[in-house]
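Below: the structure, in structure tokens.
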Amino acid sequence: MRGRRNFPKGRNMAVSAVLLAAAAAVLPCEAGAGSAWAASGKAAGPGHPAVSESGRFAGTGSGLEDGQSVPLGGSPAGGYESTPVGLHGALRVQGSHLVDAKGENYQLYGMSTHGLSWFPQYVNKEAFQTLRDDWNTNCVRLALYTDEYNGYCGGGNQEEQKKLVDQGVTYAAELGMYAIVDWHVLNDRDPNVHKAEALAFFDEMAKRWKDHDNVIYEICNEPNSGATWDGIKSYANEVIPVIREHDSDAVIIVGTPTWSQDIHQALDSPLEFDNVMYALHFYAGTHTDWLRNRCEECVTKGLPVFISEFGMCDASGSGGNNFDQASRWMELIRQYDLSYCCWNLANKNETSSVIKPDCQKTSGWTESDLSESGQWIRERFRAES
Ligand code: IDC
């Protein structure tokens, strides 16, 4: 169903030359273990899932019982070419859809980290492998706060934070997962406040990752409190060319006004670049029919929308979960094959954190290690096929 209906049967039988080349290109020498892994085509480790017909790691095919942790350290059955990136290669935007290297509709879904500087412990390869193999996800969003929590432009250690982004992208690449590099504008409200830093940051990132097919750039998480679409456009018109100078075909996600809710303004006045998607964020306890209607209207009118952040609780990231509203959002996501990333991979004592506050594990979580949010969204991801 959904994106899958567009895939010809047996598409996973033969990996095209394009995709093989893409798989090889994603791991340059410095990726170390990943290159060795890709080159050696290691045998499948125990518990590693077969790839489903759609090329996704089917949770139910993992050989793991619900609640059992994932054995780590092996490679997926079939080697790198069976991973999400190995199968789907460089993504691009076609009409309102994200498509893979074969031009088939493709949907990304996975977890967003919390602030990298606040919860750096979850940037580890085993965590991402758990998310790929047990949670059945194909992407990880790396949230680099620009301001609060020792943010990148708020007094944080920039070298350490860049190292975390680097590790996150590298682990994702080695695992054949897509990685979203998220410039997490929030307290600073308007991306133009730290535009100079953004230009330097994305210049460096794009240079670094230009040969990787798994990297997506999100250039401003949530403009808010008076940041206008005109202002965001002018920021994007400077940042996007800097990325494209090195990485000419990268997919880029652009945040929209009012905490990435006003996508209709992007529909009225889109950017003039290819391969751009517009962020819509929802928190199910706060954002209901009115935002779903807006989302549906924009998508049906051809706007490429990416739900790069959402929660099942309210917009504070806490309060109770509203699973009824969250399920309605999931229906919309399913109907239009939208890509979606859940906030947040951490054990903070707040509803949106997917790991229980008293759980110190940084990978291999069992069901009982997960919060109510974590258990719900993991089931949702595992139902993707
Ligand atoms: C929240 C975190 C919370 C932190 C707060 C800081 O969950 O621990 O104290 O940020 O400002 C967003 C933001 C995201 C928020 C999240 C929940 O993108 O950074 O995280 N949220 O409030 N937009 C809507 C909700």
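All ligand and atom numbering here is 1-based and tracks the order in the structure. Along the sequence shown, residues are numbered consecutively beginning with 1. Note that this is a predicted model, so its numbers are computed, not measured.
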Between Trp118 and Tyr149, what is the ring plane arrangement, given parallel below 30°, perpendicular above 60°, and tilted in between? parallel
Looking at residues at least two apart in the chain, or sitting in another chain, which of them share a ring pair (Phe, Tyr, Trp, His ring centres under 6.0 Å) with His97? none
Would you tabulate the polar-atom pairs, meaning N/O of ligand 1 against N/O of the protein, with distances under 3.5 Å, reported to 0.1 Å?
residue: ligand 1; atom: 7 (O); partner: Trp343; partner atom: NE1; Å: 2.9
residue: ligand 1; atom: 7 (O); partner: Glu350; partner atom: OE1; Å: 3.1
residue: ligand 1; atom: 7 (O); partner: Glu350; partner atom: OE2; Å: 2.8
residue: ligand 1; atom: 8 (O); partner: His114; partner atom: NE2; Å: 2.9
residue: ligand 1; atom: 8 (O); partner: Lys348; partner atom: NZ; Å: 2.6
residue: ligand 1; atom: 8 (O); partner: Glu350; partner atom: OE1; Å: 2.8
residue: ligand 1; atom: 8 (O); partner: Glu350; partner atom: OE2; Å: 3.1
residue: ligand 1; atom: 9 (O); partner: Tyr149; partner atom: OH; Å: 2.4
residue: ligand 1; atom: 9 (O); partner: Lys348; partner atom: NZ; Å: 3.2
residue: ligand 1; atom: 10 (O); partner: Tyr145; partner atom: OH; Å: 3.1
residue: ligand 1; atom: 18 (O); partner: His184; partner atom: NE2; Å: 3.3
residue: ligand 1; atom: 18 (O); partner: Asn221; partner atom: ND2; Å: 3.0
residue: ligand 1; atom: 18 (O); partner: Glu222; partner atom: OE1; Å: 3.4
residue: ligand 1; atom: 18 (O); partner: Glu222; partner atom: OE2; Å: 3.4
residue: ligand 1; atom: 18 (O); partner: Glu309; partner atom: OE1; Å: 2.9
residue: ligand 1; atom: 18 (O); partner: Glu309; partner atom: OE2; Å: 2.8
residue: ligand 1; atom: 19 (O); partner: Tyr145; partner atom: OH; Å: 2.7
residue: ligand 1; atom: 19 (O); partner: His184; partner atom: NE2; Å: 2.7
residue: ligand 1; atom: 20 (O); partner: Trp343; partner atom: NE1; Å: 3.1
residue: ligand 1; atom: 21 (N); partner: Tyr283; partner atom: OH; Å: 3.3
residue: ligand 1; atom: 21 (N); partner: Glu309; partner atom: OE2; Å: 3.4
residue: ligand 1; atom: 22 (O); partner: Ala315; partner atom: O; Å: 2.8
residue: ligand 1; atom: 22 (O); partner: Ser316; partner atom: O; Å: 3.1
residue: ligand 1; atom: 23 (N); partner: Glu222; partner atom: OE1; Å: 2.6
residue: ligand 1; atom: 23 (N); partner: Glu222; partner atom: OE2; Å: 2.7
residue: ligand 1; atom: 23 (N); partner: Glu309; partner atom: OE2; Å: 3.3

Do the ring planes of Phe282 and Phe310 sit parallel (below 30°), tilted (30 to 60°) or perpendicular (above 60°)? parallel
Using the ring of each side chain (for Trp, its six-membered ring), is His212 parallel, tilted or perpendicular to Trp209, with breaks at 30° and 60°? perpendicular
For Ser225, check side-chain contact (heavy atoms from CB on, under 4.5 Å) against everything at least two apart and list the hits. Arg189, Trp259
Sequence neighbours left out, what passes side-chain contact (heavy atoms from CB on, under 4.5 Å) with Lys162? Give chain and number order. Tyr152, Glu159, Phe201, Glu204, Met205
